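Notes for the one structure printed next.
Everything quoted here is computed from the prediction, not taken from an experiment. Counting starts at 1 for both ligands and their atoms, following the listed order.
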Amino acid sequence: MAIPRRFTIAESSHRILDPFTPAKVADLGNALGLRPDMSMLDLACGKGETLCQWARAHEITGTGVDINPPFVAAAVARAAQLGVAHQVTFIEADATGYVSDEPVDVVSCMGATWIGGGPIGTLELLARSLKPGGIALIGDCYWREVPTIPEAIRGSFAQSVEDFPTLWGLIEAVQHAGWDLVEMVHADEHSWDRYVAAQWFNIRRFIDAHPEDEMVPELRAELDTAAGQYVRYQRRYLGWGAFAFMKR
Ligand SMILES: C[S@@+](CC[C@H](N)C(=O)[O-])C[C@H]1O[C@@H](n2cnc3c(N)ncnc32)[C@H](O)[C@@H]1O
């Protein structure tokens with residue numbers, strides 16, 4: 001499965017490919033109480049920033065898996081840059097069904113719960129790599145406010161209101177599936193802006209630098225509408241959080 005080139009372009013300047021800032025990644029690592037003897041598997045790890053940051057700050061070891069070759073290359077380079085290349089490994093692979101050879105303390109999937117068909121299926125996948133008593137971490141979208149008009153639904157990356165749960169709906173469903181919610185950190189408007197608005201700049205720079213590229217009409221159309229969709233709908237309606245669960 002090839003990841004659309006649009007993401008490589010729009011997220012070219014991003015290290016974190018979700019609506020978290022480095023400060024929120026740090027908050028989450030501290031909240032999880034990571035220690036040097038802990039190991040982690042990060043499925044759909046993107047450019048590996050979370051794993052590299054936590055390897056540096058908490059001296060954990062870990063493996064990241066992502067399907068997009070440019071992101072894996074960026075993760076390997078980032079590990080070298082932060083001096084943690086001896087602690088982390090990055091693998092180019094489909095994370096769907098990926099299970100580690102050795103069970104680990106933390107298994108995560110931030111911003112890609114489609115690899116397990118949604119949050120519950122993804123937690124079941126993560127559980128297969130987890131030590132007893134380990135932490136399963138997912139990052140996912142939810143409705144901050146459930147939209148009632150079609151423009152707001154479509155403008156929030158959704159086809160229908162059922163595409164995302166409410167915050168309580170998400171937590172309740174996972175608890176019902178046998179997990180305890182033990183920690184959470186949420187995106188806010190500032191951290192969403194860092195993720196989304198930075199993509200507009202990347203797209204504009206790409207269009208200016210490569211006016212003949214075949215992607216330009218598509219990117220031009222996106223740039224024409226993206227800010228409006230974001231400030232009218234996504235910024236108001238869409239939430240994103242990282243949720244740490246332990247099996248009951
Ligand atoms: C929203 S980004 C999140 C990346 C990273 N977890 C982060 O938070 O910075 C989604 C990531 O999922 C990866 N991805 C999508 N489908 C995948 C699959 N089947 N297996 C592995 N990675 C996948 C993409 O390449 C991308 O890096």
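- Polar contact check, A95 against ligand 1: a nitrogen or oxygen pair lies under 3.5 Å apart.
- Counted within 6.0 Å of CZ on R204, heavy atoms from surrounding residues, nucleotides or ligands total 12 or fewer; the atom is thus considered open.
- The hydrophobic cluster containing L43 also contains I120, counting ILVMFWY residues as joined when their side-chain heavy atoms lie under 4.5 angstrom apart, directly or transitively.
- When every heavy atom of A152 is checked against every heavy atom of Y237, the shortest pair comes out as CB-CE1, 3.6 Å.
- Between I16 and ligand 1, no pair of N/O atoms sits closer than 3.5 Å.
- Remark: the Q199 side chain and the R6 side chain contain an N/O donor-acceptor pair separated by less than 3.5 Å.
- Counting atoms of ligand 1 from 1 in the listed order, those under 4.0 Å from a heavy atom of G111 are 1 (C), 10 (C).
- Some N or O of M110 is nearer than 3.5 Å to an N or O of ligand 1, by distance alone.
- The cationic group of R236 does not satisfy the cation-pi geometry with Y233, failing either the under 6.0 Å distance to the six-membered ring centre or the 45° limit from the ring axis.
- For W240 and F20, the ring centers sit closer than 6.0 Å to each other.
- Atoms of ligand 1 found under 4.0 Å from any heavy atom of T96, numbered from 1 in the order shown, are 19 (N).
- Counting heavy atoms under 4.0 Å from ligand 1, residue Y98 does not touch it at all.
- Residue contacts with ligand 1: F20 is excluded, as none of its non-hydrogen atoms falls under 4.0 Å.
- The shortest N or O to N or O distance between D94 and ligand 1 is under 3.5 Å.
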CA sep, side-chain torsions, deciding dist, call: H186, F243, ring-ring contact (aromatic ring centres under 6.0 Å, His included): CA-CA 9 Å; H186 292 263; F243 304 88; 5.4 Å; yes
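- Every atom of ligand 1 is numbered from 1 in the order shown, and the set under 4.0 Å from a heavy atom of A93 is 20 (N), 21 (C).
- Remark: aromatic rings of Y142 and W168 are distant, center separation not under 6.0 Å.
- Those atoms of ligand 1 that come under 4.0 Å of a heavy atom in D18, given as number and element, are 7 (C), 8 (O), 9 (O).
- Between Y195 and ligand 1, not a single N/O pair is under 3.5 Å apart.
- Contact annotation: S108 has no heavy atom less than 4.0 Å from any atom of ligand 1.
- Close N/O approach between A44 and ligand 1 is found [any backbone or side-chain N/O within under 3.5 Å].
- Comment: D213 engages R5 in a salt bridge, judged by a side-chain N to carboxylate O separation of less than 4.0 angstrom.
- At least one N or O atom of I67, backbone or side chain, sits closer than 3.5 Å to an N or O atom of ligand 1.
- Tested against L41 for a side chain to side chain contact (heavy atoms under 4.5 Å, CB included), the candidates V65, L126, L51 yield a single pass: V65.
- For the pair D42 and ligand 1, the shortest N or O to N or O distance does not fall below 3.5 Å.
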